[in-house]
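Structure first, commentary second.
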2 protein chains.
Amino acid sequence: MSAISTDRIADSIYDRLREEIFAGDLAPGARLSVPALAERLAVSRSPVREAVFRLVQDRLASEEPRRGAVVAKIGARELAAIYDVREVLEGLAARLAVENSGRRLVTALHDVLAEHERAVRDGDVAAVTEADMRFHALIRQASGNPEVGRLLDAVQTQVRLAMRTTRVTAGPRQAIDDHRAILTAIESGDPAAAELAARAHIFRLRSALLRQAEGE
Amino acid sequence: MSAISTDRIADSIYDRLREEIFAGDLAPGARLSVPALAERLAVSRSPVREAVFRLVQDRLASEEPRRGAVVAKIGARELAAIYDVREVLEGLAARLAVENSGRRLVTALHDVLAEHERAVRDGDVAAVTEADMRFHALIRQASGNPEVGRLLDAVQTQVRLAMRTTRVTAGPRQAIDDHRAILTAIESGDPAAAELAARAHIFRLRSALLRQAEGE
DNA sequence: AATAGCTTCGTTGCATGTAATCTTGGGGTG
DNA sequence: CACCCCAAGATTACATGCAACGAAGCTATT
């Protein structure tokens with residue numbers, strides 16, 4: 001019953017570096033020198049090497065020839081490509097959720113949507129983000145397809161990284177309207193409609209993103 | 001201009017283990033002991049450890065608690081989930097290929113299809129597989145979206161692993177008919193039609209797969 | 001003969017040594 | 001003043017040592 005043993009140094013270093021990247025403490029372009037990190041974190045090079053390796057595989061860092069890994073930059077172009085993928089994956093998740101799931105999902109989504117609306121009214125930015133992510137997470141868990149969940153996690157990792165450079169805000173009202181449309185489609189029990197609604201939502205996010213990148 | 005330096009021991013071990021898994025020399029369930037492999041391959045444990053780690057991340061192996069990694073088994077259920085993902089990704093690739101690509105793709109696909117038909121007539125199983133894979137690879141390269149390519153590579157890795165246990169053959173005539181339908185849709189320049197045709201193709205493969213798994 | 005305890009073996013994960021290779025900065029030269 | 005070459009530094013990748021931890025098998029006891 002115990003959780004995964006997190007007493008692995010390599011894991012905790014991976015988590016820590018990840019958070020430092022998302023928090024901006026490690027800006028895109030910053031070098032991830034294994035010896036330097038090992039000294040800063042007061043551990044040997046082995047677990048650091050493993051952690052950096054995982055960051056590269058997650059595309060949070062990229063290998064530069066003989067200069068070590070650096071925190072990855074991600075431009076609007078790459079992000080748009082990722083959103084193409086996200087569009088079809090979120091659509092798939094919504095379709096599968098309708099096919100596999102029941103009333104429980106609908107009520108949970110209603111709750112999150114209500115919280116989302118409250119957060120927007122109150123101007124609580126953190127809560128808005130939280131509710132937004134929860135909405136998608138619920139659907140993806142309900143899909144019953146772990147592969148979709150894993151891939152969407154990877155997509156979200158890239159999106160979070162992109163927020164370090166690109167400012168990507170879809171109008172908050174638009175997001176709520178989209179979510180409500182998705183929920184309505186799920187409630188109606190129509191898998192194809194749910195897929196379309198989810199895809200339309202992500203497609204609009206992608207458009208907003210590109211428009212914003214254009215205006216720079 | 002030189003290719004990626006493959007003179008890394010860890011890389012060559014990774015490639016070798018991968019091939020041994022696909023060839024069946026390492027059957028699903030076989031233990032991947034790092035010390036044992038290091039001795040067999042006459043290298044130290046470090047590069048072997050890295051290679052095994054990558055296999056686990058690719059889901060070609062799975063970690064068993066305190067007994068090391070073992071070659072992964074993949075059942076019909078997991079494979080069906082993977083095909084759900086593959087369906088939407090191949091659909092996306094086909095749509096993007098139509099939007100981004102031109103006549104070059106169409107002629108290349110015609111060539112591969114002709115070769116595919118010849119191979120089926122001659123009963124050349126290896127050539128059939130080759131042509132089939134080439135058809136999909138062409139579309140995915142033409143999509144211009146590297147993310148789709150990477151994810152479909154990962155999907156294909158799982159499919160190849162699954163072939164070690166599950167026998168997955170869609171009738172060869174069906175595959176050719178499907179491919180011709182996809183090509184027709186691409187030729188017509190209709191992105192939505194191409195997406196639907198590609199999705200239908202994978203969906204049929206998935207159905208054939210599940211039917212075959214059912215009958216056991 | 002069955003079972004409980006113990007010993008041995010194998011495994012992982014981390015630390016550290018070392019050679020090869022590339023980058024980079026400085027000093028000397030045309 | 002610009003440029004080139006060389007040397008020093010840093011990095012990776014691999015080898016190897018070592019302790020902790022379970023698992024599996026053997027032995028002794030009931």
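We name chains A, B, ... by the order of the sequence lines, and we start the count at 1 in each one. Values below: all heavy atoms of this structure, side chains included; hydrogens, waters and symmetry mates excluded.
Atom pair B:R49:CZ and D:dT12:C1' shows a separation of 17 Å (rounding to whole Å applied). Rounded to whole angstrom, the span from the CD atom of B:E64 across to the C1' atom of D:dA23 amounts to 13 Å.
Counting only residues at least two apart or in different chains, salt bridge (charged side-chain N to carboxylate O under 4.0 Å, His left out) contacts with residues 95-106 of chain B comprise A:E87-B:R95, B:R95-B:E99, B:R95-B:E195. Applying the salt bridge (charged side-chain N to carboxylate O under 4.0 Å, His left out) test to residues at least two apart or on different chains, the pairs with a partner in residues 47-61 of chain B are A:R49-B:E50, A:E50-B:R49, B:R8-B:E50, B:D11-B:R54, B:R18-B:D58.
In this structure the side chain of A:L32 never reaches within 4.5 angstrom of the side chain of A:V70, judged on heavy atoms. Using a 4.5 Å heavy-atom threshold, the side chains of A:F22 and A:T157 count as touching. Looking at B:L152 and B:E90, their side chains come closer than 4.5 Å, going by heavy atoms from C-beta outward. At least one side-chain heavy atom of B:R140 sits less than 4.5 Å from a side-chain heavy atom of B:Q156.
Of the side-chain N and O atoms in B:R8, none sit less than 4.0 angstrom from OP1 or OP2 of D:dT12. For the pair B:S46 and D:dC14, the criterion of a side-chain N or O lying under 4.0 Å from OP1 or OP2 is not met.
Remark on DNA chain D: of its neighbouring residues B:E50 and B:R45, the 5'-side contact belongs to B:E50, judged by nearest-heavy-atom nucleotide.
Residues forming a ring pair (Phe, Tyr, Trp, His ring centres under 6.0 Å) with B:H179 (at least two apart in sequence, or on another chain): B:H116, B:F135, B:H136, B:H201. Take A:R40 and apply the salt bridge (Lys or Arg N to Asp or Glu O under 4.0 Å) test, not counting sequence neighbours, and it matches A:E20.
Once you apply a 4.0 Å limit to the heavy atoms of chain A, the touched nucleotides of DNA chain C run 5' to 3' over C:dG13 to C:dT24.
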Protein-nucleic acid N or O pairs under 3.5 Å, nucleotides 8-11 of chain D:
unit_1 : atom_1 : unit_2 : atom_2 : d
D:dT11 : OP1    : A:S33  : OG     : 3.3

